[in-house]
Amino acid sequence: MSRPVLIENARIVDPGSMTDHQGAVLIENGVIADIVQGGPVGVPEDAEVINAKGLILAPGLIDMRVFTGEPGKEYRETLQSAGEAAAAGGITSFVMMPDTTPVVDDGALIDFLIRRASATSKVNILPAGAITKGLNGSEITEFGLLKEAGAVCLTDGRRSIQSNSLLRTAFSYAANYDMQIIHHVADRELTGDGVMNEGLFATILGLRGIPLEAETIPLARDLQLAVLTGTRYHAAQISTAYSASLVREAKRRSKKITCGISINNLSLNENDIGRYRTFFKLATPLRTEDDRQAMIEGLRSGVIDTIHSDHDPQDSEVKRMPFAEASDGAIGLETLLAAALRLVHSRDVDLMTVLRAMTFRPAQILGLPSGRIAKGAPADLILFDLDYPWQVAERDFHSRSRNTAFEGARLAGKVMRTIVGGQTVHTFAEETS
Amino acid sequence: MAQASPGKASTTSTASSGDFPPFQQRHLLSIADLKQHEIIDLLDRAERMVPVSRQERKTLPTLAGKTQINLFFEASTRTQGSFEIAGKRLGALVMNMSVKTSSVSKGETLIDTASTLNAMRPDVIVVRHSAAGAVELLSQKVGCAVINAGDGAHEHPTQALLDALTIRRHKGRISGLTVAICGDIANSRVVRSNLLLLGALNVRTRVIAPRNLLPAGIESLATEVFTDMREGLAGADVVMMLRLQHERANGRMIPSVREYYRFYGLDAEKLGFAKPDAIVMHPGPMNRGVEIDPAIADGVQSVINEQVEMGVAVRMAVLDALLPAGDQS
């Protein structure tokens, strides 16, 4: 067994117990063995001691929406490069979307991914199984076998299932195995040829708009079917004020309904597109500043449960195109925490709420033992400097792709150390010139 | 006037960049990029180009030795021909390239084509593309001047300039007029460029269309928005009609051509609501009997053919402004 690790002099922020105090954490055999409030603490023999003075110790982040390029598009991202990027961003576990080649719609692929990830990735990769075969939106997959193989949840990734009856079947069948459904909501016809938020700005740019209703109409349907079937339903990402009120209302009817948001929709708005900057072409689209403010309020009030990166690596071939023809998506593993901390620094949301949405809440929804600092929990932890200033530069990324929506952004908050299962997988070495 | 191009001013005759201060833009990508004085400057330059095309020897030497490439990703007889004549009348070597593209590979073709053409060292590339922003993207990949000849539903700046020149020649001014634009506002790049240009020159702009052909936020771009054509035309100095794509009148956007014509086609009765001396414009190509009565299109108030003539003058002026004689870049 490896040496015990003692992290002392830390500000321990644990969204699981909603506590925030100075203290120390002892890690033994990959799990949290003890938590001591205040100090000093006795140091076990031969323990590695980490002095965390000035740093926050928090559970490692759990990112519920990450796209990789492996299998099929390894030039965009491998499990290894995604793992390195995640470790650098303080993400100790992420849910991998099934939109790969081949689609992850079979238990054997789940099994392969789990093995492959444990061999190559620094962080925990939790594969999601597809809801429909080949993401075709018309035939459900083998939920039971997917679960047995280790699928953490069911989702069609960036696809949105259009058929009401198929969704009812899928929700009902998922409830049968107590599996978590995560569904992206986008009405195909109302989205149409739309490539950004509908409104004045799209009109000025001459781009087709996507109305808010392309999200709220399928969301309202999903929520009703979730109540009907009693399924564990998570709206993958919402972006409008009305979506938040729909979710608020549905939560009164079912305790199993939750929803998430992409950090992009909390941090950016449609004006960031500027003159056809395709790194800001996202699905879910960036909305107006009013919508962004409503999303912040949704996070504060608890309507929005989780924040994820929506990490979606795309190469320049598919991004250096006219806006309407470019692929959707932006990477985000390495900027998630600092972008979320912007909301803390701007005093929009308190630190505990922001961290909870990226640790304890995803863990609860997915039924994971991590996401908290508790005795016996996996030692998936991060140490970060809340105020450390840095500027996003694509050359510093560990990801294989460069399509960040935060290039050049000045952020405050940096992960100094990432620990997965008691092992340090990343440390930030401050560069001195 | 200050001499724009030292050492070359003496070679120019009736109309030339030498009479104007240097134009400060490298490209012409959108009206949105232009300041009011630059718009007026281009109109004044174009005015000086009008007689060139009316004289027997319709040439000026200002672009001699320069290469102009017309790169059209979307078919266009009218605009491409106009740019070609404009370039040739200024003495440029003009090459036309029509690029057929499949919908999947458009973007790749765009960037690849841009770098290929750039290696041929043209002085100016005139680009039309079906995607908004495509021309600006191309301009970032080449080392010469780029003129937007229409990008998706975004802008068509030379069309707005030629419309303004036509209006000014007929009305003697632009500022203070009421201009009504009627038709498929949602999908028109002509409208966007015109609203920006006319707005910059203090025109009262009106757009008229059925609700489902009005884009979101249009009330912020036009002075007034109408769904009733008679109300929208009341007291207008200029009536600008837009082409309705036939495929939009198939029941998915507009139920039928006959219903569209009944409510939004320009006929004598509806035109009667505009000022008696109102002029009628159309960027072409026209759908006679869809958006306009043939008798109106060919009638005394129509200036549609003059728009075509002004198109050549405007494009000569833009080429001349972007590529002043003696420029060595």
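In what follows, chains are A, B, ... by sequence order, proteins preceding strands, each numbered from 1. The structure displayed is predicted, hence computed values, not measured ones.
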- Message: Just so I know, are the side chains of B/Ser30 and A/Arg275 near enough to count as touching, which here means a heavy-atom distance under 4.5 Å?
- Response: yes

- Query: Which residue pairs satisfy the side chain to side chain donor-acceptor pair (under 3.5 Å) criterion with at least one member in residues 210-221 of chain A, sequence neighbours excluded?
  - Reply: A/Asn164-A/Arg221, A/Glu215-A/Ser239, A/Glu215-A/Ser243

- Task: Return the minimal non-hydrogen interatomic distance between A/Arg320 and B/Ile111, and the atom names on each side.
- Result: O-CG1, 3.6 Å

- Task: Over all heavy atoms of both residues, which pair between B/Leu110 and A/Pro322 is shortest? Give the atoms and the distance, please.
- Result: CD2-CG, 3.6 Å

Is it the case that atom [atom1] in [X] sees more than 12 heavy atoms from other parts of the structure closer than 6.0 Å?
X: A/Arg410; atom1: CZ; result: no
X: A/Arg159; atom1: CZ; result: no
X: B/Phe226; atom1: CZ; result: yes
X: A/Arg188; atom1: CZ; result: no

Rounded distance [0.5 Å steps], [atom1] in [X] versus [atom2] in [Y]:
X: A/Thr203; Y: B/His154; atom1: OG1; atom2: NE2; value: 11.5 Å
X: B/His129; Y: A/Glu325; atom1: NE2; atom2: CD; value: 5.0 Å
X: B/Asp151; Y: A/Tyr276; atom1: CG; atom2: OH; value: 5.5 Å

- Message: Sub-4.5 Å heavy-atom contacts with chain A: which residues of residues 184-218 of chain B show up?
- Response: B/Asn187, B/Arg192, B/Pro215, B/Ala216, B/Gly217

